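First the structure, in the form of structure tokens, and then the observations on it.
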4 protein chains.
Amino acid sequence: MMTKHAPAAAFEDDGDPDDQTVARRGRPVGDRESKRNELLRAGIATIAELGYSGASLRKVASRAGHTTGAVTYYFQNKEAMVRAILEHLFDEWDTLLDIGGAVGDLRQRFRRWKEMNTDSDQWMAQFQLLAQARHEPALAEIYQRRYSAYRARLTATVAMQQRSGEVRDDIAADIIADQIAALADGWAMMFPIEPERFVGTRMDELTDAVLKMIEPPAKAVRR
Amino acid sequence: MMTKHAPAAAFEDDGDPDDQTVARRGRPVGDRESKRNELLRAGIATIAELGYSGASLRKVASRAGHTTGAVTYYFQNKEAMVRAILEHLFDEWDTLLDIGGAVGDLRQRFRRWKEMNTDSDQWMAQFQLLAQARHEPALAEIYQRRYSAYRARLTATVAMQQRSGEVRDDIAADIIADQIAALADGWAMMFPIEPERFVGTRMDELTDAVLKMIEPPAKAVRR
Amino acid sequence: MMTKHAPAAAFEDDGDPDDQTVARRGRPVGDRESKRNELLRAGIATIAELGYSGASLRKVASRAGHTTGAVTYYFQNKEAMVRAILEHLFDEWDTLLDIGGAVGDLRQRFRRWKEMNTDSDQWMAQFQLLAQARHEPALAEIYQRRYSAYRARLTATVAMQQRSGEVRDDIAADIIADQIAALADGWAMMFPIEPERFVGTRMDELTDAVLKMIEPPAKAVRR
Amino acid sequence: MMTKHAPAAAFEDDGDPDDQTVARRGRPVGDRESKRNELLRAGIATIAELGYSGASLRKVASRAGHTTGAVTYYFQNKEAMVRAILEHLFDEWDTLLDIGGAVGDLRQRFRRWKEMNTDSDQWMAQFQLLAQARHEPALAEIYQRRYSAYRARLTATVAMQQRSGEVRDDIAADIIADQIAALADGWAMMFPIEPERFVGTRMDELTDAVLKMIEPPAKAVRR
DNA sequence: AATGAATGAGGTTTCATTCAT
DNA sequence: TATGAATGAAACCTCATTCAT
């Protein structure tokens, strides 16, 4: 229905499409959608493992247990698949970040970030796609749009915490947000190369340091 | 000048071409090295522009004005070429960072970093190779070795500035160094996607913010 | 008939093309096998003519009227193709040797051998692959397995004829079988270089000589 | 004098070049010749190990401790080198076969053959070149010429032994010689693939069998 | 006499993509 | 809806050969 090459696709769930739509919270899901998601997941795992150019359609397909043709059936071409993957990655990222976003506890936020990074292929794939985005305008556009939205929300959170006195206000909120985002990116960047720098207590030290650096200086002095 | 197909080579020793000819009897030894460097430079530019997998030997060769065979003549294979490129990049980076390293002025250091990034292909290539290092152990080894050396030097500088009171000492020097390195990496990572975030005054704001975050809290309070 | 680029394929099922079309619903399954056989045949001819290393995938493909990609689609790589070819050659060889194997007439057997050799590319390809087997363990394994099976059957035939008094029994059956096999190999080896040694009557003389050498000595004396 | 990088090498033994020429029986030997021989030997070893197409000039050169250029300096091209190698192989073969050729003892002849085969690369290289001769007329010519000369000498020996009653005379001498040559070729052909068939006593059994098959039938009956 | 830098053709292989079924 | 056979371009790499030195 939202894909280009599925002329008869809409007819399958004509019995009662809505009950599905309701159950799974707004997503028009069906066999088609779930198969597409399988492919997306396989794509993420493959890109994480082998990089963008290493993730051939054949490999993605076989990891998902489908045929090569299936991939090009569900996605116009490789670029389209990768675009879908990237949007999907941002979707999941947003979901995770939003849960408890209201709490405004930065430490908890970092903990979640760490869990995401160590647990899944998501960050690895993100990183690989970022490298590819340098050459693929379609990907760059997605990054610009979604990443700036992410930073905007981060900025809002920081601003809120500046008002409540939890975060220093002698640096503009958007600058602090940028620094936090850059830090997280920088860490994620080196994580696969030197994972030992991010184990156990050292990760906590890094987190503590960030919190210290952005806390109001007065607080630190009093301590 | 003495090579058949190296038009650019002649510009290298334009100071006094004869002294070379005279000094080196028989075969031109220097040519080998300079040709190799030509190829390295072409490789860096190509990787920066097209990424690791986009930088085919053909493209690198033709950018250097040579044939594909020449590349594999100078380097055993693509991996060897890329290894050489990465070491070369770190060499140049070290050289740049070491100049004025004794001064210990972080602001100056950031300014140099910014110049490097905006001026050349070097950071772009670094980033692309880092993404590739995820899949190529030989590259990962180089990163581990040289990046940790870089962080060690940065840590030493930070420690020195902690002793002189310029940098806060309530966070371990190696943690601060790591944060600075990660910040720089994170910035470099997003720079090609959203260059507008790093123009003119904003880059200064980011730099100032870092300096503020790592200065002793007391200093900030007094201000 | 149902393949795009297989002009020769149509000749295979000229008996009644429709029964295939009717029998197999959906995708044409048989085509796959027949196409594969086309490629095998082309491979045999090419190896016979140009040797193992001369038989590039490009040449094999174009002889079969296909693209290079088709070859690597049907066979994982060149080695796999050659393995398939060798097994195929042994299969055909076995088939031919088995027909009338029960008769136990060695002269007839030699005649068949001669027909095989002069008629087709099979022996030429066999010989080329044997030379290659020296460097390719996978081929060597096939030779060991199938060639020893062939000698075993030959030994059984010889033993049978020893019991019936047609073959001398003062030499062990397996040794005689080995000699016969070696002779055939040696002839086949020189055949392409000096074909004039194996024409018409001289081939018969050679055959007669073998039969004389393995007949019971008493028989020869009486003559 | 016999080292690689001596530009003035030819001038070194100008004292009396003839004594060498005399000592080594008519061969115009000198540095040039010995270096050439080094390359030939390296070529034989390389072809034996890797086959014709696997024996690149680079590999041959480096095995001989020389540069690639040296090979093309001493031989017009690869084909010329291989021709020289093949002639050289036949030369050595002839030398070995001629020693004691007068004795006419076939058993001793087989023993020597066996020693040659198991000891050296010579037969392996021969076999590889024979396979290549199929496609290279220049090699085929050499085989025809030298191999037929070899068979002629073998025929003469057999004829002599037929007259002395050691060999059966109910088969023409040239046919027997051909069979012996073919047997030897056939054995050599399979030797690298199934060496276990030619160890110790089994080799003796094979030899004995040949002798039995070519001995006068009367002799065998009396036994 | 000898070197080795450089070439360019050709090898195997992988890949995204198309399309008949 | 989904498959998978087939394509053809392009990748990396090796090689025989040439030629200035």
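Note that the coordinates shown come from a computational prediction; the quantities given were computed from them, not determined experimentally. All heavy atoms count here, side chains included; hydrogens, waters and symmetry mates do not. Throughout, a chain's letter reflects where its sequence line sits, starting with A, and its residues are numbered from 1.
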Exceeds 12 heavy-atom contacts within 6.0 angstrom, atom CD of A:Glu87
yes
Taking a pair as Watson-Crick (N1 to N3 plus N6-O4 or O6-N4) or G-U wobble (N1-O2 and O6-N3), both under 3.5 Å, which stems of 3 or more consecutive pairs involve DNA chain E?
E:2-21 with F:2-21
Which whole-number value in Å describes the distance from [X] [atom1] to [N] [atom2]?
{"X": "A:Met81", "N": "E:dT17", "atom1": "CE", "atom2": "C1'", "result": "13 Å"}
{"X": "D:Ile47", "N": "F:dC15", "atom1": "CD1", "atom2": "P", "result": "14 Å"}
{"X": "B:Leu39", "N": "F:dC12", "atom1": "CG", "atom2": "P", "result": "14 Å"}
{"X": "B:Lys35", "N": "F:dT21", "atom1": "NZ", "atom2": "P", "result": "13 Å"}
{"X": "A:His66", "N": "F:dT3", "atom1": "NE2", "atom2": "P", "result": "7 Å"}
{"X": "B:Arg36", "N": "E:dG4", "atom1": "CZ", "atom2": "C1'", "result": "17 Å"}
{"X": "D:Phe75", "N": "E:dA2", "atom1": "CZ", "atom2": "P", "result": "13 Å"}

Set of side-chain hydrogen bond (donor to acceptor under 3.5 Å, both in side chains) partners for D:Ser53, sequence neighbours left out
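Here the qualifying residues are C:Ser53.
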D:Phe75 vs D:Leu40 side-chain heavy atoms within contact, under 4.5 Å
yes
Just wondering, do B:Leu129 and B:Ile85 contact through their side chains at under 4.5 Å, heavy atoms?
yes
Of all residues at least two apart in sequence or in a different chain, which pass the salt bridge (Lys or Arg N to Asp or Glu O under 4.0 Å) check with A:Arg134?
none
Test of understanding: with salt bridge (Lys or Arg N to Asp or Glu O under 4.0 Å), list the residues that count as partners of B:Glu141, not counting sequence neighbours.
B:Arg145
Is there a side-chain contact between A:Tyr74 and the phosphate of F:dA2, meaning an N or O under 4.0 Å from OP1 or OP2?
yes
Salt bridge or not between A:Arg83 and A:Glu79? Use side-chain N to carboxylate O under 4.0 Å.
yes
Summary of salt bridge (charged side-chain N to carboxylate O under 4.0 Å, His left out) pairs that have at least one residue in residues 57-73 of chain B, sequence neighbours excluded
B:Glu49-B:Arg63
For D:Tyr73, does the six-membered ring have the charged nitrogen or CZ of D:Lys35 within the cation-pi criterion, i.e. under 6.0 angstrom from the centroid and within 45° of the normal?
no
Classify every nucleotide of nucleotides 8-15 of chain E by which part a protein heavy atom approaches to under 4.0 Å, writing B for the base, S for the sugar-phosphate alone and - for neither, in 5'-to-3' order.
B-SBBBBB
